[in-house]
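Notes to accompany the following structure.
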Amino acid sequence: LVAVPTDTVYGVACLAQDSDAVRSIYSLKGRNGEKPLAICVGDVDQLYRYCHVNVPDELLRDLLPGPVTLVLRRSEELNKGLNPFTSLVGVRVPNYPFIRELARACSGPLALTSANISCQGSTLAVSEFQDLWPQLSLIIDGGPIGDIQSPECRLGSTVVDLSVSGKFTIVRPGCALASTVEILRQKYGLTPESP
């Protein structure tokens with residue numbers, strides 16, 4: 001398990017195709033096993049390997065890389081031990097060169113979640129998750145992310161479900177809600193669906 005900076009908050013990452021590592025993330029965070037983990041890839045093109053994409057490629061590239069998690073149908077290629085209770089998976093391509101290079105260097109996608117104990121606030125500096133340090137193999141300190149005083153900076157990525165053709169569902173408003181909804185509605189004509 002490795003702590004990494006992203007474009008939104010600090011995260012904990014591991015190899016998504018390694019079921020033992022995935023279980024370790026749940027243990028580290030004290031996270032409910034029914035709460036899914038997102039995956040992170042280095043480039044938009046890699047989404048097609050791990051997800052069934054039912055939106056235009058241009059839409060993906062309008063939102064990614066960026067502070068958005070897209071929820072899509074998972075492909076058979078993705079580890080069945082990752083989120084085995086759902087046919088969907090959230091995918092991130094952060095707008096942060098380090099994490100993208102790290103993802104490119106790995107043999108498969110990274111499982112990625114915020115560096116905090118479940119139900120606690122997101123972290124914007126490595127000092128804010130000191131209680132997790134002993135269980136981490138490596139901590140990459142990218143310095144403070146955003147404005148540590150700003151509650152908006154702790155919102156994390158905007159999570160939007162695009163698994164139903166022509167529709168979108170906001171799963172978590174996050175830090176890029178207005179711009180994401182504008183792109184989905186105005187440019188692509190998708191309609192919001194209630195969660």
Side-chain angles (χ1 to χ4, degrees), residues 2-14 16 25 29 31 35-48 50-51 53 55-72 83 88-104 106 109-116 118-126 128-129 140-163 167-188 190 192-193 195:
V2 180
V4 291
T6 75
D7 54 351
T8 53
V9 298
Y10 271 87
V12 174
C14 72
I25 279 192
K29 289 181 60 86
R31 186 181 179 116
K35 194 171 177 192
L37 293 173
I39 62 169
C40 169
V41 294
D43 296 288
V44 171
D45 295 343
Q46 293 177 295
L47 266 75
Y48 293 91
Y50 302 106
C51 304
V53 179
V55 294
D57 186 71
E58 188 184 358
L59 184 157
L60 299 179
R61 293 174 194 282
D62 279 346
L63 296 175
L64 302 173
V68 180
T69 301
L70 300 182
V71 178
L72 299 162
N83 310 335
L88 306 177
V89 67
V91 190
R92 285 220 61 206
V93 183
N95 189 13
Y96 196 88
F98 172 79
I99 186 85
R100 292 181 66 199
E101 285 297 322
L102 179 65
R104 287 182 191 122
C106 294
L110 300 173
L112 182 65
T113 184
S114 54
N116 57 355
S118 277
C119 301
Q120 292 185 1
S122 298
T123 56
L124 300 175
V126 294
E128 294 180 345
F129 58 90
I140 306 296
D141 188 348
I145 298 173
D147 177 1
I148 291 185
Q149 303 306 317
S150 165
E152 289 78 33
C153 282
R154 296 184 189 273
L155 294 175
S157 64
T158 294
V159 182
V160 59
D161 185 335
L162 296 175
S163 64
K167 308 257 185 215
F168 71 91
T169 304
I170 300 300
V171 178
R172 179 176 75 194
C175 63
L177 179 63
S179 59
T180 301
V181 168
E182 183 178 352
I183 288 168
L184 296 174
R185 290 184 85 149
Q186 307 301 324
K187 188 166 181 182
Y188 295 97
L190 299 186
E193 199 169 48

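Since we're looking at a predicted model, the values are computed, not measured.
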Heavy-atom closest pair (Asn83 atom, Pro36 atom, distance to 0.1 Å) is OD1-CA, 3.3 Å
Could you tell me whether a side-chain N or O of Thr6 sits under 3.5 Å from a main-chain N or O of Thr8, the two making a donor and an acceptor? yes
Would you say that Glu58 contacts Tyr188 through its side chain, given a criterion of any heavy-atom pair below 4.5 Å between the two side chains? yes
Is the shortest side-chain heavy-atom distance between Ile140 and Pro5 below 4.5 Å? yes
Just by modelled atom types, is the Leu124 backbone N or O under 3.5 Å from a matching donor or acceptor in the Glu128 side chain? yes
Closest heavy-atom pair, Pro65 versus Arg100, reported as atoms and distance to 0.1 Å, is CG-NH1, 3.3 Å
Keeping the roles fixed (side chain from Thr123, backbone from Ala115), state whether a donor-acceptor pair exists under 3.5 Å. yes
With sequence neighbours excluded, what pairs up with Ala13 under the side-chain contact (heavy atoms from CB on, under 4.5 Å) test? Val4, Leu110, Leu112
Could you grab the distance from atom CG of Asp57 to atom CG of Asp62, nearest 0.5 Å is fine? 10.0 Å
Side chains of Leu37 and Arg31 in contact at under 4.5 Å (non-hydrogen atoms): yes
Smallest heavy-atom separation, Ile25 atom then Cys14 atom, equals CD1-SG, 3.7 Å
Find out whether Leu190 and Leu162 are in side-chain contact, i.e. whether some heavy atom of one side chain is under 4.5 Å from a heavy atom of the other. yes
So does Arg185 have more than 12 non-hydrogen atoms from other groups sitting under 6.0 Å from CZ? no
Provide the closest heavy-atom pair for Tyr96 versus Asp7 in the form atom of the first, atom of the second, distance. CB-N, 3.7 Å
Check whether any side-chain heavy atom of Leu59 lies under 4.5 Å from a side-chain heavy atom of Leu184, and answer yes or no. yes
Side-chain ion pair, Arg61 and Asp45, N-O less than 4.0 Å: yes
Measure across Gly42 and Ala103 and return the closest heavy-atom pair with its distance rounded to 0.1 Å. N-CB, 3.5 Å
Would you say that Val41 contacts Tyr50 through its side chain, given a criterion of any heavy-atom pair below 4.5 Å between the two side chains? yes
Taking only residues two or more places apart in sequence, or in another chain, which ones meet Arg172 in a side chain to side chain donor-acceptor pair (under 3.5 Å)? Ser157
Any side-chain heavy atom of Val12 sitting closer than 4.5 Å to one from Lys29? no
Is there a side-chain contact between Thr158 and Leu63 (heavy atoms, below 4.5 Å)? no
If you compare all heavy atoms of Gly142 against all heavy atoms of Tyr10, which two are closest, and at what distance to 0.1 Å? N-OH, 2.8 Å
To the nearest 0.5 Å, how far apart are CG in Leu60 and CG in Leu47? 6.0 Å
Judged by atom type as modelled, is there a donor-acceptor pair below 3.5 Å linking the side chain of Ser122 to the main-chain atoms of Arg154? yes
Evaluate Tyr48 against Leu72 for side chain to side chain contact (heavy atoms under 4.5 Å, CB included), listing each step before the verdict. CA-CA 10 Å; Tyr48 293 91; Leu72 299 162; over 6 Å; no
